[in-house]
Structures are given as structure tokens and as C-alpha cells.
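Just so we're on the same page: letters track the sequence lines, and every chain starts at 1.
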Number of protein chains: 2
Amino acid sequence: MRPPAPPPARWRTRPRDNPASVVTYDVRQGASRATINEVATGAGVSIKTVSRVMNGEPNVRRATRERVRRVATELGYEPNPQARALAGRRTFSIGLLYENPHEFGYVQRAFEGVFAACEAGRYTLLLRPCGDGSRGAGGPSAKEVLGFVTQTRVDGVILTAPLGDDKALLEALRANGTPVACIAPREADPRLCSVRARDRSASRALTEHLLSFGHRRIAFINGDPRHGASAERLAGFREGLRAAACRADERLFVDGGFDFPSGEDGARRLLGISPRPTAIAAANDEMAAGAIAAAHALGLRVPADISVVGFDDSPAASRTWPPLTTARQPVFEMAQATTADLIEQLRTAGTPRQRVFDCPLVLRGSVAAPAARKSGRAEPQHAATRSAHADS
Amino acid sequence: MRPPAPPPARWRTRPRDNPASVVTYDVRQGASRATINEVATGAGVSIKTVSRVMNGEPNVRRATRERVRRVATELGYEPNPQARALAGRRTFSIGLLYENPHEFGYVQRAFEGVFAACEAGRYTLLLRPCGDGSRGAGGPSAKEVLGFVTQTRVDGVILTAPLGDDKALLEALRANGTPVACIAPREADPRLCSVRARDRSASRALTEHLLSFGHRRIAFINGDPRHGASAERLAGFREGLRAAACRADERLFVDGGFDFPSGEDGARRLLGISPRPTAIAAANDEMAAGAIAAAHALGLRVPADISVVGFDDSPAASRTWPPLTTARQPVFEMAQATTADLIEQLRTAGTPRQRVFDCPLVLRGSVAAPAARKSGRAEPQHAATRSAHADS
DNA sequence: TCCCCAAATGACAACGCTATCAACCTTTGT
DNA sequence: ACAAAGGTTGATAGCGTTGTCATTTGGGGA
């Protein structure tokens, strides 16, 4: 329920002894806009015909259509979205929900993709943080999200990273009949639009890249376990080691939370282990950047003393020194694609679509051969594997 | 004018030979929500009284008010915002416009502040990039912004950084009667809400901080000239030098664009100058991070060989190695404050308010005394100046 | 030429709320 | 006890669209 808002100023503003019954308050859009009625009159048709033209509906004679369009342009007519929503029972708006403020770079890129698709589809986008990110775990209650949906009346929502795995939330949205698209959910529910990256294979490729330089003691900083991507990236890492018959030292696995400080922490701990790992793979770039900072703080050179790889190719990846070798998650494209799918579903009541994107490696300066110790090789064994970049 | 949207699926979906006249299309909010009528009936009052209660209007008997509230809660009633907007001629939504994609960190923090204020004031927020940022100069046409305003019917807009200085845009918005709030405009127009930081004095304090460590050859990387803050920060820097009777070497001033690459470039050029500067002040943190990367690339140690300071205390500032000494621009608080002012103006038709915030220094690891050369001092001359952090 | 069907168009009732203003209660003062 | 002055409440008319369904128009074939 809507808590009472502070009383609008109308009452306060209007002087008690002012005999004029006209309300003095007026901080509104100045020029009153043309309405569908004026266009209809101007074009000599009914408002229904204008409506048809504005919405691209069929069964309007070409000449009529053009006349209406011309008059609408002349009058600078823009349909009132609120009236459309009220009469048409849909708002042509969607909500983009996100949770953790740490990884805002990710949300930013997702936002841009979603926004692009909304523009193209003439939908309005509402960006909405939810769940107390600072509170850490817990996540947003389904109630909070549902409140947002019923308050704003968005036609559908897009859930970023960990939200798409919240069973209670998904169930609540389903019960409410709200179409949903998930970005990077743990698994692709066929009843929902979704888009995922091939985290596992990209992570494996990254691992093979390190192995190809001769690294054998590679540490791994895991991501936030609430994100499906974390497990996939870890699995890809292990796959890579296994395929190269490289035994994993379990001490070289630490947990992180996808943010810079956790990468710093994790790396500090890892670099204290003896024998020291020669490379660190972090489950995302933020943590990799933290790892680089930790290495610097310990007086180690990157990549001479320690190689580091990240994941995502976020802006942070090109802002470290040295810049990060990583795998590019095409977040913009992913977000754009699934948003377009959602809008398509909204329009046509078609079936939801699931997509998967590849993450090509991006080779930069944070990897080198391990320093010759007892068994070190100075040169990489072979060129880096590059997975193709293509939409499936 | 609204270009024709692709035809909704209703026509395509409905089979031609389907005798049922009921439209088969239905991807809408499932459960139909309670309306004001049902609440009115349930509480045994007229809809007008329900409206009064929901809007916190006066002149409703306490008992009636409570009864209405109870029924509304029971029914899970949420006023339909579109109907409210249509009838009340205001949407209770505002738009946050931003231009440059480079500095998204800034926009992010601004967004959070604006969002917080909108939540508190029960306004909906529309985030809207505008102007082709990649196109560099040019900026968004007033037309584009006006199109956004008339299409969405937002009640007011907030303009971030360089937008608040676009005369044509401001004039167009004024003519349209749209209330405006500006974040970090060049000057505070008394007819508009605005919020600025004391860029000049903070920049001066930062400069004095460097001087106190014994630096005399300090270079400056300027920001995007379209931002008012750039000139202020430069002026503060010069003031600081002048006050210390430190003559400025004009070769040590380079232009930047507030982004990482321009900081990198600028620093590379500066570090090639002989005699080399012992410190670099960048007009923001992104560029300072670029400067640090450039220094590293040239094999210089920060801060042993070269000190660096930034501005803003953006997330980037604590992700560099070493972390940046900088001045904290309280973007969240600034954005929140001016948004609250705008909402207040929207509600009460009061006069717009202008605010100024201080930027306290944040001392981290990127500053040290210059390496002893011929006149170097090893120790700072006195403790760093810290400006107070207070809202004016 | 006339009829029939489909295409084209319009009339009008929603949609769910706010604004206006009249009407109805309470007080308060005398 | 009675009026005047407020406080409280409700009836009703929009707000600017879309949805439904009836009506008009335009051809083409018999």
C-alpha cells in the first residue's frame, strides 16, 4: 500500500482569502500538447483512425494514413503514454532489476544493452536496484520486486545476475503473470527468456592459455557463489587443469565475492602459500585487479613474478597495470538480445527464447611465462586458444 | 512524432478462421488489481474520499481515514500511476539525463543519489543517456531532450555534468516549462535547482598537499573543457602554486578528457619532459589512474619516482596501485540533495534552491616526497590541509 | 446492374484516477 | 437556540487513449 505522501502544495499555496476559484498552483509542462482529437479534426477522420495510424495497424487507406501522419507531424502530436497505458492495459515499459552495487560496471553494460533494445522497440526502461546489496546475502524479497511491478505496472522485467536464480522471486513473478528475462541465470528455464555466456569453456580456454605458458601452479579466486557463473568458471578451470593432467592443489582455491577487495584479500592469502603459485586466475576482472594490487603491495612484479587473468573484459580490465588478459563477456550484446526477445514476447505472445554467447579471449599484458625456478620453461608451448565469438 | 511501431501481434496471432470474437492474445499482468472503486465500496465511502486518503489530503475524519486505509491494505490496493497521471496531469516521474559514457562511474553515483531521493519522495526515475557521447563534442540537441520529455511526460529533469551548461537546452526546457535541476553546472542559475562542489578550493588544497611534501615541479592534466569543473580545478591548482610562490612551467599543463586513456597519454607526454615533473595532478581519478599506468609502463615507481593525485574519490581511486590520494566529491549526497530540492519544487511551486558541497581530501598512497635531486627535501613540510566536509 | 464480402471507418464505452463544486455535517460564538 | 464558519463528504465531469462492434464504402463476379 502506498504510504501517504506529504500533501501537495495546492492547499498550502492557495491563499485562504483569495476569492478566485482558479488554482494558483502550476508547475507543469507549459504548452499543452496536441491530443488525438485535434489530429482527428485536422485530418477529418475519427480518433480511432488516428489511433490506428499511430499504432501501425492495418486496414487504413494509404491516402488516409498519409494525411493523418502529416497532420500529426504538423501539430507535433505525441500520444500520451499514460492514456495509452490506461486504455490499453499495458505501459510499454519494462524494469531492469539489479542487486549488487559492487559490480556496477556489469550492470552499467547490461543497462546500455537493455536500453538500446528498449529504444529500438519503443519501450521505456525503469532501472531499479533492489535487495539491500550492502546487507550482503539475503537478496531482495520477492515482495519487494512484486511491489515494484505493481506500483509501476511495467509490462515485464529483466533480472540481472543473481536475481534470475531466486526461486521464490521467479515463482512470484510467474504467479503474477509478469514476463521475465534473465541475464546470466544458473540454468536456462525454457519458460523464460534468458541469455547466458559460455563461462565454462571460456574459463577453460583461459586456463589452457596459462598452461601453455608453462604454468603448473595456478591459483583460483572464486566468484560470488550466488552467481551461477561462479560455479561454471570454476568448473572450466578444473577442466582445463585436468585435461592437461595438471593436478590441482586444493590450497590454491580461495573464495571471493566478485569485488575488488575480495580479490585483494584472496591474492594476499594465495601469495603467502609456499611454494607460491606462478599464476592466479580470478573469476572476474574486479577481483583480478585486486589481485594485481595485492601483488604490487607485496613487491611482486606482474607478470614477471606472477601472472594474472580475469574474466569479463570489464572496463577495469584495461585500467590495471599491466592490463588484464581476460575473456570478453559480451554483456551489451547479451542484454540487448534478451531484451529484444522479451519485447518480442510481450508483443506477440510468442514463446520465450534462450540464448548463449561465447566469450572470446582477450590477450593483454598480465600473463608471461613463470620465472625459471626448478622446472620452469621460458617460452609458451603454443599459441593461445581463441574461441570464436558468435551468437548461438 | 512517434514512428509507426511494428504492428502488435493481435492481428497476426488471431487466426482468420477463428469464429471466437475473443482476442486470444493475453500477455498481461495476470491478477487484475483492486481499483479505487472497490476500496470505496469496501469502506463505504466515495472514491473521492479514498483518493484523499491515499494522497494524504487533509479534511478526512480520523476514523474514516483509518477505515479506508485498512480496506486498502486488505485489498492490496495500489493506485494506478497511469490513471493518476492522466487525471492529475503529472506523472510523478523525473528523468535523469547524462551524456558521457566515459565517466559512467560518476553517473552511477549520481544515479544512486537521485534514486534515493526519488524513492523517498515517491517519484519514479527514468535514466536516459542522450547525445552521442561517442561522437565527442556536439552534445545532445535540445530537440532530443525535449522529445524525451514530451514522450515520457516526466515532471522534471536532472541534468548531469556538461548538460547543465547547454544554453540552448536550458532555454528549450524553460520554454517548455519543465523544472530542472543541474548537477555540477558551470554556474548556479538562481532560476534552477543546482548543486556544485567547491572544486577550486579542493583542487587548491590538493596542490598545497603536494607542495607540502616539497614538490615544486608539478604537472597538471586538465579535464574535459566542456565541464565547468575543469576550469575550476585548474584555477585551484594555479592558485595553490601562486600562493606558494611556485612559478608554473607552462609546458607542464596538458589537456585531457576526464577518461583513462587521456590520462595515460597526458602523463606519457609529461614524463618525457626534462626536467621531469616530480608530481602530477590530474583533474579526476580516471585520468590519474591512467597517469599511474603510464608511469608504470615507463618503469617509474609511484610515489617514489612520481607522485600522483586525482579528484573525485571515484571507485577507480581505490583500485589503483598505489591507491590514489584525491579529494572526495560527495556525488551521492549532492545528487540526492538537489533531487530532493527539485521534488520539493515540483510539489510546492517553491523557489529553486542552489547548493554547494565541500570536497574533503582523502589521503592514500600515491604521494611521497620527491626523490632527492639537487634541492629535494625528504620530509613533508607540514601536515596536510584537510578541508571540512559540510553542506552549505 | 445488383449483390456480397472484405476493407475502411467511426461511435462510444471503458480505463482508474483527480478536480470541481455543491451539499452536508459539526462546531463555535452570541 | 441560531447562525456563521469550517470541516467532511460525495456526485460527476473530465483526462487522452484503446477495444468493441456497428456501419459505410469499394470492388469484383454473377
How many Å lie between [atom1] on [X] and [atom2] on [N], as a whole number?
X: A/Arg62; N: C/dA7; atom1: CZ; atom2: P; result: 17 Å
X: B/Leu86; N: C/dT18; atom1: CG; atom2: P; result: 11 Å
X: A/Glu57; N: C/dG10; atom1: CD; atom2: C1'; result: 14 Å
X: A/Gln82; N: C/dC17; atom1: CD; atom2: P; result: 14 Å
X: B/Ile47; N: D/dA11; atom1: CD1; atom2: C1'; result: 9 Å
X: A/Gln151; N: C/dC17; atom1: CD; atom2: P; result: 13 Å
X: A/Glu38; N: D/dC15; atom1: CD; atom2: P; result: 11 Å

Among C/dG10, D/dT18, D/dG10, find the nucleotide with the atom closest to the side chain of A/Ile36. D/dT18
Out of C/dC12, C/dC17, C/dA14, which nucleotide sits closest to the side chain of A/Ala87? C/dA14
Determine whether any donor atom in the side chain of B/Lys48 lies under 3.5 Å from an acceptor atom in the base of C/dA19, or the reverse, and answer yes or no. yes
Hey, is the side chain of B/Arg33 pairing donor to acceptor with the base of C/dG16 inside 3.5 Å? no
To the nearest 10 degrees, the angle between the two end axes of the helix from C/dT1-D/dA30 to C/dT30-D/dA1 (five pairs per end) comes to 40°
Looking only at side-chain N and O atoms, does [X] come under 4.0 Å of OP1 or OP2 in [N]?
X: A/Thr35; N: D/dG16; value: no
X: B/Asn55; N: C/dT18; value: yes
X: A/Ser51; N: D/dT18; value: yes
X: A/Arg61; N: C/dA8; value: no
X: A/Thr49; N: C/dA8; value: no

According to salt bridge (charged side-chain N to carboxylate O under 4.0 Å, His left out), who are the partners of [X], at least two apart in sequence or on a separate chain?
X: A/Arg65; value: none
X: B/Arg67; value: none
X: B/Arg191; value: B/Asp189

Categorize B/Asn59 for me: base, sugar-phosphate, or nothing, with a 4.0 angstrom heavy-atom threshold over every strand shown. base
Would you say the side-chain atoms of A/Gln354 pair up with the backbone N or O of A/Leu192, donor to acceptor, closer than 3.5 Å? yes
Contacts of type side-chain hydrogen bond (donor to acceptor under 3.5 Å, both in side chains), residue A/Thr91, not counting sequence neighbours: A/Ser93, A/Asp155
For B/Asn80, which residues count as a side-chain hydrogen bond (donor to acceptor under 3.5 Å, both in side chains) partner, sequence neighbours excluded? none
Rounded distance [0.5 Å steps], OG1 in B/Thr338 versus CZ in B/Arg353: 9.5 Å
Assuming nearest nucleotide by heavy-atom distance, tell me which of A/Asn80 and B/Thr64 is located more 5' along DNA chain D. B/Thr64
